[in-house]
Number of protein chains: 2
Amino acid sequence: MSENNPDSPPTPHAATSPSPPTEKKIPKAVIKRLSLYSRVLQNLEIMDREKVSSRELAARLGLNSAQVRKDLAYFGQFGVPGLGYYVSDLRQNIKRILGTDRAIRLALVGVGNLGTALLSYAGFARQGFHIAVAFDCDRRKIGSTKGNVRIYDAADLARIVRQEEIDIGILAVPADHAQAVCESLIGAGINAILNFVPAHLSVPDSVHVHYVDLSIEIESLSYYLR
Amino acid sequence: MSENNPDSPPTPHAATSPSPPTEKKIPKAVIKRLSLYSRVLQNLEIMDREKVSSRELAARLGLNSAQVRKDLAYFGQFGVPGLGYYVSDLRQNIKRILGTDRAIRLALVGVGNLGTALLSYAGFARQGFHIAVAFDCDRRKIGSTKGNVRIYDAADLARIVRQEEIDIGILAVPADHAQAVCESLIGAGINAILNFVPAHLSVPDSVHVHYVDLSIEIESLSYYLR
DNA sequence: TAGATTGTTAATCGATTAACAATC
DNA sequence: TAGATTGTTAATCGATTAACAATC
């Protein structure tokens, strides 16, 4: 989103459409909250709750009820005036909107310290996220498996990512490889990346990157001590 | 920040001052970017760069240069018109502002799957973040050490957190314990928490919580597939 | 000095919240 | 029906960006 400012000259983006004919652009923050609603709804379902109001949904997440209603209204009319939302119904709708009504296939690139931890982290599978393959460029790791996941040569990334129909790439390589690996992933058709590398990635607008950086988070938190 | 809306009745917060006599409130996003600047400056220092402009700093992070200048200007005048910023000088200033010019002491609560991964994650130490102690309530873990960190009984949390002068708490317990543990930490004087638990925490305004939730991130990313 | 870049103000943009008619 | 809660518009709030005088 740094295009067309006085810092970078107006880019003659051949690839980018002048203005996508989308009805209304949905803020990223809305999508993130959708996932939060989904989780709360899952809990409510376990508690056998049939209905829920925007007010309660908001309270359970520390949000404003108008925001909840507005977020949901981006995607259709899911509620019943005077009653609220039907828990299971709304949950299914949200999962469909997010595309998590099927298993999501992940590829991990970089099986170092952090990568290994991610492979053994059970939390993913429970939510329907499946690390299908891993990549590294260390001879000693290639061909082996870790946490039931086979480790392939990073040189074969593009081919295997296509073959295995990977949805999302997880980046956990050394910082100086991040941009290159990122480009390989994009070249292989990936346009959603979870980036654990403490480095800024340059990607086309069509590619979505989420940064996870614990050091930055801790550093930010230290500002608030005492 | 959910106070004073029609959802929650105006809370008669005895403890909260009506409006802190702070000069200007600094947005959380600014603090987060400060940490990013700090990292880029570290890299520039390694490259033996003496000076840097807001333009370059911005470009390296995909931001706007006016934003960089404005962020820094919250805290003083660090730049030289016509020249830019002195790399080492600015970096030191930012570290001082963030409070990371000394080692930060962390306490991990919950030594399960994820907690163990965090203990063995080397990335922290490098940045001056030190997990000083860990807590669990499993008899078999209490008293042992993992990754050089001693695991204490969660029942002794308050006492040890004070004794060890912990700055930040890391929450990695089962979801149904999160709120209670969070309150113990706050009771022990902690007001900065890194929360890995997929649950909303209710905390006073004075306490800062950062949520790290990989499942939510992946779920959000799946929205953008194709 | 001329050129460059800061710090800062004003303009723009986007997101959150309040309010309320419509509706069950 | 009366009470409750939605969907949505308008008002508010906050954050980003452009522009430029001041300054090295």
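Here the structure is a predicted model, which means the values were calculated and not measured. Below, chains carry the letters A, B, ... as their sequence lines are ordered, and counting in each starts from 1.
Taking atom CG of residue A:N64 and atom C1' of nucleotide C:dA18, one finds them 8 Å apart after rounding to whole Å. Distance CG (B:L57) to C1' (D:dT17): 17 Å, rounded to an integer number of Å. The nearest whole Å value for the distance from the CG atom in B:L63 to the P atom in D:dT16 is 9 Å. Per the geometry, OH belonging to A:Y74 stands 12 Å off P belonging to D:dT9, to the nearest Å. Atom CG of B:L72 is separated from atom C1' of C:dT5 by 13 Å (rounded to the nearest Å). Summarising the geometry, the separation between CD1 on B:I26 and C1' on D:dG14 is reported as 15 Å, rounded to the nearest angstrom. Distance, A:K28 NZ to C:dG14 C1': 15 Å, rounded to whole Å.
No side-chain N or O of A:Q127 forms a donor-acceptor pair with one of B:S215 less than 3.5 Å apart. Side-chain contact annotation: A:S35 with B:S220, donor-acceptor N/O pair under 3.5 Å present. Side-chain atoms of B:R55 and B:S65 form no donor-acceptor pair, as typed in the model, at a separation below 3.5 Å.
Both A:Q67 and B:K70 lie near DNA chain C, and the one whose nearest nucleotide falls closer to the 5' end is B:K70. Both B:D71 and A:V30 lie near DNA chain C, and the one whose nearest nucleotide falls closer to the 5' end is B:D71.
Across every non-hydrogen atom of A:L108 and A:A172, the tightest pair is CD1-CB, 4.1 Å.
Sorted by residue number, the members of residues 75-92 of chain A with any non-hydrogen atom under 4.0 Å from DNA chain D read A:Q77, A:F78, A:G79, A:V80, A:P81, A:G82, A:L83, A:G84, A:Y85.
Rounded to 10°, the helix from C:dG3-D:dC24 to C:dC24-D:dG3 has 10° between the axis fitted to its first five pairs and the one fitted to its last five.
At a threshold of 4.0 Å, the pair A:R96-A:D101 does not count as salt-bridged, since none of the basic side-chain nitrogens sits closer than that to a carboxylate oxygen. Electrostatic pairing of A:R105 and A:D167 does not count as a salt bridge here, judged by no charged N lying under 4.0 Å from a carboxylate O. Residues B:R60 and B:E56 are paired through a salt bridge, judged by an N-O separation under 4.0 Å between the basic side chain and the carboxylate. Electrostatic pairing of B:K32 and A:E217 counts as a salt bridge here, judged by a charged N lying under 4.0 Å from a carboxylate O.
Under 4.0 angstrom from either OP1 or OP2 of D:dG7 there lies no side-chain N or O belonging to A:R69. Listed pair B:R33 / D:dT16 meets the phosphate criterion, a side-chain N or O lying under 4.0 Å from OP1 or OP2. Dashed line: the shortest gap from a side-chain N or O of A:S54 to OP1 or OP2 of D:dT6 is under 4.0 Å.
A cation-pi arrangement, defined by a distance under 6.0 Å to the six-membered ring centre and an angle within 45 degrees of its axis, is present between A:K28 and B:Y224.
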